Amino acid sequence: MQHSSFARRARALVAAVLVAAAPAAFAQGSIRIGIITDRVGPAKPYAEPVTQGAEFAVRELNAKGGLLGRKVELLIEDDQGKPDVSATAARKLVDAGAAFILSLSLTPATQQAQTVSLETRVPHMTPSNSGDTLTTQISNPNFWQTGPLGSTQIATLLSYARSKNYKRVALVTDNSDLGQLINRFFKAGLEKSGIQIAAEEVVPRGATTAEPQMQKVRAANPDALFMTGVLTPENTLVLRAYRQLGLKAPILANYNLSVPQYTSVAKGLLDGVTFVDAFDPAKPEVRRFVEAYRKDTGSDPWNLHGYGYDGILLVADAIRRAGGTDRDKVREAMQATRNFVGVMGAQGSSYGFADGRRTGFDTNGMVVRVYERDVQGKVVHVGQK
Amino acid sequence: MRDFLELAVSATASGCVYALVALAYLVMTRPTGIINFAVGEWAAVAAFGGFLTLTHAEWPYAAGIAAVTAAMFAVGWATERLTVRPLVERGAPVLAPILALLGMLVVFRELISVGFGPDPRPLPQAFGFGRLEIGLVAGSYQSFFTIGVVLGLFALTWWFFERTLAGRAFEAVAIDRRAAALMGIDLSRVTALSFAGGAAIAGVAGLLVAPNTSAHYMMGLPLAVQGFTALVIGGVGRVEGALVGGLILAFAEQLTVRYAPVPPGLAMGVPLVLLILFLLVRPTGLLAAREARA
């Protein structure tokens, strides 16, 4: 035990010496990548792990000699999930010399930050936002989105539901903006598929129980239950009431149930819950990432860390191909990205912006997984086939 | 019938939590006239205290609850000393401490956010996850536990106010602050004790609800709103009012969701409608305060 402790300290000392020596090894000034995250607002639970994944990617890049021989430096701004603050943060990052901006906050905040990248032509990307309208509402050639779109998540889960031949389903959501939006998309998709909505319930933020809502679901006797809310405490109430009231209909959940914090707050309630995810634990890139992250930080990464990690590597790849940080060249290089295999996405899927599109996640890159007891288990369905 | 009785247990448990938050308001408002909206954040602080003692340190349930409740008593006392008393001593208008306490609401929430991060934290249920059935009446162990604890606390509070000298001093200050001071009652002590007691009561509410919802940094405000609505319904005059208000609010909420033919989103407006109705029609709440006797 003592030996291992000494070895750990020795390794830490060597690493510290190497880090201290590192700046001398980089030829020119650093390449600055700006990040707009949410440290205190409603997106904080999601934005923080994504940011940590990005920070890890930068540490890994610098440990391997940086980018084009230059050190990569992260400039991090907090927009509190507020659109007005987000635009100011983007302006600040541009003024600080950011060669690229990554938005990791809420979709509306990212939308607002685009006003700055549109005007200044600084390349800008979100690796984690899922809003479908980010690349359609503003014609901004300097902006890309590589997180799986909400519509892709929904289509993947609906594809799984069709494969199970469900006829009547119930929808349970919360009253958050995103929960309502996802619920609307699910409802439209289900109706389009000819699947009847037997019950539709809302568990409001701050509720102390979901039993009345789940009693109605039980009375409707659906073939399956879709959880479309994004608030973890309220989703936990739904799961608790589901077990408490003895419901048996299978649960199909949106990507929020892929956040590993459920394994602690909903412990004992998750067995058999299927959920849509963009993280396939059997993928070789994921296994390498998990191992490297664990070695670097001492803790296991979530799927959300992978979004930030992929975001930085996509940006680094574009800058490398552009041969520098010239905005036009980086923009062209990013748009030319094809077949980039990252951590996120099913096996065999890749990022790319073919045909002028600026959404880069493979539409068949999402997976449906199932909880086995309290552990996020195997992939049971891939893509929209 | 089975559905209704199941729902009655669930609504009673939720109503008991609302009632406890309303009682926390009442204990402070009656003698001081100060409405402290930070009660919800106190509940959140206690919930995280429960996470530390019960989940993280794995203390025995009773010991963890007792320790957190005692700590909350100290938090309430300190809050009064640091934010309310300096303003009262300087003769500030009654709105000043209310605003200062709103500031404390933000301070408590951000302290939780910085200290524990954004992730919800689990708390164990008192008797584990399970369902108790007594004939047609059925509910979770935690629901029955919550109902039992809250009814016990209300009985204790009623006894304190009605049967003890210290409680009578509170009531005297509530009826006529100046006359109570002239009779030798230490107003500053009553104020400090009311905040300490309010924080302890709010803390118990947080400890009872968090095993279901988890402890998270955004849990305070909804509890503060639900408790305030229950207080308005029941009235600030009597301890029983808080309990009645909490139960009416929870039954109205849950019966509407379950049985009213309204779209699911609209059922969420029930507390707001009740709040407006009572403020317009019966602003003193259902149970009026006891009048001073000649």
Side-chain angles (χ1 to χ4, degrees), chain A residues 38-49 81 170-176 179-180 183 199-219 231-237 239-241 243-246 259-269 302, chain B residues 3-4 6-7 9-11 13-15 17-18 40 55 109-110 113-114 117-123 125 128-131 138-140 142-143 146 208-226 250 253-259 263-268 271:
Chain A
D38 178 359
R39 290 211 190 277
V40 294
K44 179 177 175 171
Y46 307 101
E48 269 203 356
L171 289 165
V172 181
T173 189
D174 55 51
N175 62 338
S176 67
Q180 291 287 302
N183 191 65
E200 185 182 359
E201 295 303 320
V202 178
V203 180
R205 189 193 291 266
T208 53
T209 180
E211 286 196 27
Q213 290 88 347
M214 295 306 282
Q215 273 195 349
K216 281 182 87 173
V217 170
R218 184 176 65 184
L231 302 176
T232 304
E234 284 66 25
N235 277 343
T236 305
L237 286 176
L239 292 168
R240 205 175 290 285
R243 303 285 177 200
Q244 191 68 48
L245 299 177
V259 178
Q261 59 196 220
Y262 279 98
T263 57
S264 61
V265 293
K267 198 173 181 179
L269 307 172
W302 306 356
Chain B
D3 264 23
F4 179 79
E6 240 175 21
L7 197 65
V9 173
S10 162
S14 294
V17 172
Y18 301 166
T55 308
R109 188 170 63 196
E110 292 311 315
S113 171
V114 169
D119 303 334
R121 307 290 178 150
L123 259 77
Q125 308 221 337
F129 181 71
R131 180 178 166 92
S140 66
Q142 185 67 20
S143 292
T146 299
L208 289 173
V209 77
N212 282 338
T213 62
S214 69
H216 56 101
Y217 78 110
M218 300 291 272
M219 70 183 286
L221 196 57
L223 279 175
V225 173
Q226 288 152 346
E253 272 179 354
Q254 297 195 21
L255 290 175
T256 308
V257 170
R258 178 67 184 92
Y259 298 112
L266 289 186
M268 294 180 299

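Note on naming: letters A, B, ... go to the chains in the order of the sequence lines (proteins, then strands), and numbering restarts at 1 for each one. Predicted model only: the values in this text are computed from it and were never measured.
- Heavy-atom minimum distance, B:Gln254 versus A:Thr209: NE2-CG2, 3.1 Å.
- Considering all non-hydrogen atoms of both residues, A:Gly206 and B:Gln226 come closest at O-NE2, 3.1 Å.
- With a threshold of 4.5 angstrom between heavy atoms, B:Glu6 approaches chain A through its backbone and through its side chain.
- Here the shortest heavy-atom pairing between A:Leu237 and B:Thr213 reads CD2-CG2, 4.1 Å.
- Heavy atoms of B:Arg109 lying under 4.5 Å from chain A are absent altogether.
- Here B:Glu253 contributes atom CD and A:Thr208 contributes atom OG1; the two are 7.0 Å apart, rounded to the nearest 0.5 Å.
- For B:Gln142, no part lies under 4.5 angstrom from a heavy atom of chain A.
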Taking distance alone, no hydrogens or angles, what donor-acceptor pairs closer than 3.5 Å link side-chain atoms of residues 39-49 of chain A to residues at least two apart or in another chain?
residue	atom	partner	partner atom	Å
A:Lys44	NZ	A:Arg39	O	3.1
A:Lys44	NZ	B:Ser113	O	3.4
A:Lys44	NZ	B:Ser113	OG	2.6
A:Tyr46	OH	A:Val230	O	2.8
A:Tyr46	OH	A:Asn256	ND2	2.6

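- Ranked by heavy-atom pairs under 4.5 Å with chain B, the list A:Arg243, A:Glu211, A:Lys267 is led by A:Glu211.
- When each of B:Ala215, B:Ala250, B:Pro222, B:Pro122 is scored by its heavy-atom pairs under 4.5 Å with chain A, the top score falls to B:Pro122.
- Minimum interatomic distance between B:Arg258 and A:Ala219 (heavy atoms only, all atoms of both residues): NH2-CB, 3.8 Å.
- The shortest heavy-atom contact between A:Pro212 and B:Val257 is CB-CG1, 3.8 Å.
- Of the atoms belonging to B:Pro211, it is backbone heavy atoms, and not side-chain ones, that fall under 4.5 Å from chain A.
- The residue among A:Pro233, A:Ala241, A:Ser264 with the most heavy atom pairs within less than 4.5 Å of chain B is A:Pro233.
- By the side chain to side chain donor-acceptor pair (under 3.5 Å) test, B:Ser214 is found to be paired with no residue, residues two or more places apart in sequence or in another chain being considered.
- The two residues A:Thr236 and B:Asn212 come nearest to each other via the heavy atoms CG2-O, 4.1 Å.
- Considering only heavy-atom pairs separated by less than 4.5 Å from chain B, the leading option among A:Gln261, A:Gln215, A:Glu234 is A:Gln215.
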